*Asks:* 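One structure is given below, represented as structure tokens, and several questions about it will come after.
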Amino acid sequence: NNNNNGTVPTPLTNYLDTQYFGEISIGSPAQMFNVVFDTGSANLWVPSQSCSPFSTACFTHNRYDASQSWTYVENGTGFSIQYASGNVRGFLSEDVVMVGGIPVVQVFAEATSLSAMPFIFAKFDGVLGMGYPNVAIDGITPVFDRIMSQHVLKEEVFSVYYSRDPKHSPGGELVLGGTDPNYYTGNFNYMDTREVGKWEVIMKGVSVGMEMMFCAEGCTAVIDTGSSYITGPASSVSGLMKTLGAQLDESGYKVNCDTVKTLPSVTFHLGGQEYSLSQEDYILWQSQIEGDVCTVTFRGLDVPPPTGPIWILGANFIARYYTEFDRRNNRIGFATAV
Ligand SMILES: COCCCC[C@@](O)(c1ccccc1-c1ccccc1)[C@@H]1CCCN(C(=O)[C@H]2C[C@@H](N)[C@@H](O)C2)C1
């Protein structure tokens, strides 16, 4: 819907509080795809009609068929992207991409091979990177940059709301060009990005309860809409988990659900403000047949220097703090989500 106030909303789906994605179309006539809007990367890819029959993850998702689109332009340059876990390989194509009703002629990747892990668990088809151009593979101009150059947005910002329980509707909302006051209260607190070109800020510490326990000398925090959890250096996270009495098993850190209400808040010191997560923000409570399972939504992840060591604040942080990504001023704003 091209409402004329220069802000464009896209409703998001929330799958189990761990996967948030929204619908875009590619091609003429429109071929629909669900994509994660990911501030931690800057390329658009979707599965390709020509993906290999051995790629199970490709076959269980919507696939782009260039032969059915009269606005398709061939490119053919190779493409590959590596995530913390999982990789995607394919080739570049160009076609009309519609995001929130805004059309852009976009170079994107047709994925011909998707690693089974983790993409067989993906409820979405592809990824639409909302990062800066300098992190885009093959030097491709990202979608949001193509939209900004059309001068249709009220402000050169985008904002993200992630709901906290899957039954809530909508599961979330991406706004291009502004913010949605329906999903936050109070004022925004802004902080400059650590360097122009990455959606990351300088963090001044991580406290557990009242005690500053990590990052006391300062560290980097990536604000990442494409991450399900919060990650930190493995040694810090294991120290944090010990404080919480959490045990690591094959699918993450678990606590006894009976102890959840006694757990301390975890506070992130960003831009002169303290952003606390209480136990209901960072515990994923799943009622299963063999009893309730309480997972702590923090993961250890050691990112090698020079990028790391870093903390990544993902969906469970954004669900508590409505986030505005400001490309005009290279800053990030947080407000309390409703
Ligand atoms: C909020 O919604 C998040 C979507 C889920 C992300 C994710 O949990 C996932 C789960 C199941 C299937 C696929 C993917 C997934 C995999 C790759 C890209 C996008 C989604 C990712 C699992 C691997 C680690 N991780 C990232 O590196 C992420 C980090 C991020 N910046 C991306 O670039 C890759 C998160």
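Order of listing sets the numbers, starting from 1, for every ligand and every atom in it. Just so you know, these numbers come straight off a predicted model, no measurement behind them.
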*Asks:* For ligand 1, which atoms have a heavy atom of Phe119 less than 4.0 angstrom away?
*Replies:*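 Numbered from 1, ligand 1 contributes 16 (C), 17 (C).
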*Asks:* Identify, by atom number and element, the atoms of ligand 1 in contact range of Val36, meaning under 4.0 Å from any of its heavy atoms.
*Replies:* 4 (C)
*Asks:* For atom 12 (C) of ligand 1, decide whether some protein heavy-atom distance is shorter than 4.0 Å.
*Replies:* yes
*Asks:* With ring centroids as reference points, do Tyr15 and Phe21 lie under 6.0 angstrom apart?
*Replies:* no
*Asks:* Does some non-hydrogen atom of Gly86 fall short of 4.0 Å from ligand 1?
*Replies:*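 Gly86 does not count as a contact of ligand 1 under the 4.0 Å cut-off.
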*Asks:* Are the aromatic rings of Trp199 and Phe144 close, with centres under 6.0 Å apart?
*Replies:* no
*Asks:* Taking atom CD as the centre, does Gln247 end up with more than 12 heavy-atom neighbours from other residues, nucleotides or ligands that are less than 6.0 angstrom away?
*Replies:*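 Result for CD/Gln247: open.
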*Asks:* What residue and atom, counting heavy atoms only, is the protein's closest point to atom 23 (C) of ligand 1, and at what distance?
*Replies:* Ser85 OG, 3.2 Å
*Asks:* Just by distance, with hydrogens left out, do Thr267 and Ser207 show a side-chain donor and acceptor under 3.5 Å apart?
*Replies:* no
*Asks:* Below the 3.5 angstrom mark, is there an N/O of Ser228, backbone or side chain, next to an N/O of ligand 1?
*Replies:*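 Yes; at least one N/O pair falls below 3.5 Å.
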*Asks:* If we count only N and O atoms by modelled type, under 3.5 Å, do the side chains of Asp249 and Ser251 hold a donor and an acceptor together?
*Replies:*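 The answer is yes; a qualifying pair exists.
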*Asks:* Between Ser227 and ligand 1, is there a nitrogen or oxygen pair with a distance under 3.5 Å?
*Replies:*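 No - when backbone and side-chain N and O of Ser227 are compared with those of ligand 1, no distance drops under 3.5 Å.
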*Asks:* Identify the protein heavy atom lying closest to atom 1 (C) of ligand 1, giving its residue, its atom name and the separation to 0.1 Å.
*Replies:* Thr225 O, 3.2 Å
*Asks:* Which protein heavy atom lies closest to atom 10 (C) of ligand 1, and at what distance to 0.1 Å?
*Replies:* Gln19 NE2, 4.3 Å
*Asks:* If you scan the protein for heavy atoms around atom 8 (O) of ligand 1, do you find one that is closer than 4.0 Å?
*Replies:* yes
*Asks:* Just need the protein heavy atom nearest to atom 32 (C) of ligand 1, so name the residue and atom and give the distance.
*Replies:*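 Of the protein heavy atoms, Asp38 OD2, 3.1 Å lies nearest.
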*Asks:* If hydrogens are left out, which of Tyr83, Tyr15, Trp199 has an atom nearest to atom 34 (C) of ligand 1, that is, the closest non-hydrogen atom?
*Replies:* Tyr83
*Asks:* Roughly how far, to the nearest 0.5 Å, is the CG atom of Asp17 from the CD atom of Gln286?
*Replies:*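 The CG atom of Asp17 is 9.0 Å from CD of Gln286, to the nearest 0.5 Å.
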*Asks:* Taking distance alone, with no angle check, do Ala84 and ligand 1 share an N/O pair under 3.5 Å?
*Replies:*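 In this structure, Ala84 places an N or O atom under 3.5 Å from an N or O of ligand 1.
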*Asks:* If you measure from each heavy atom of Thr39 to ligand 1, is any distance below 4.0 Å?
*Replies:* no
*Asks:* In the protein, what heavy atom is nearest to atom 19 (C) of ligand 1, and what distance, to one decimal place, separates them?
*Replies:*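 Answer, as residue, atom name and distance: Val127 CG2, 3.6 Å.
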*Asks:* Can you report which non-hydrogen protein atom sits closest to atom 2 (O) of ligand 1, along with the distance?
*Replies:*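 Closest protein heavy atom to atom 2 (O) of ligand 1: Tyr20 N, 3.2 Å.
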*Asks:* Mind checking whether Phe298 and Tyr253 have ring centres under 6.0 Å apart?
*Replies:*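 No, the ring centres sit 6.0 Å or more apart.
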*Asks:* What protein heavy atom is closest to atom 15 (C) of ligand 1, reported as residue, atom name and distance in Å?
*Replies:*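 Nearest neighbour among protein heavy atoms for atom 15 (C) of ligand 1, to 0.1 Å: Phe124 CZ, 3.9 Å.
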*Asks:* Within the 3.5 Å criterion, strictly below it, is a donor on Tyr132 or Asn330 matched to an acceptor on the partner's side chain?
*Replies:* yes
*Asks:* Looking at Asn75 and Val107, what are the two nearest heavy atoms and their distance?
*Replies:*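 The pair with the smallest heavy-atom distance is ND2-CG1, 4.3 Å.
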*Asks:* List the closest protein heavy-atom neighbour of atom 28 (C) of ligand 1: residue, atom name, distance to the nearest 0.1 Å.
*Replies:*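 Ranked first by proximity to atom 28 (C) of ligand 1 is Gly226 O, 3.4 Å.
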*Asks:* So is Ile312 touching ligand 1 or not, going by heavy atoms under 4.0 Å?
*Replies:*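 The answer is no: ligand 1 sits nowhere under 4.0 Å from a heavy atom of Ile312.
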*Asks:* Cationic tip of Arg327 within the cone over Phe158's six-membered ring, i.e. under 6.0 Å and within 45° of the normal?
*Replies:*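 Judged by the rule, Arg327 and Phe158 form no cation-pi pair.
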*Asks:* Looking at Tyr190, I'd like to know if the NZ or CZ of Arg331 sits under 6.0 Å from its six-membered ring centre while staying within 45 degrees of the ring's axis.
*Replies:* yes
*Asks:* Assess the side chains of Tyr322 and Thr179: does a donor N or O sit below 3.5 Å from an acceptor N or O?
*Replies:*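 Tyr322 vs Thr179: no donor-acceptor pair found between side chains.
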*Asks:* Scan the protein's non-hydrogen atoms and note whether one is under 4.0 Å from atom 30 (C) of ligand 1.
*Replies:* yes
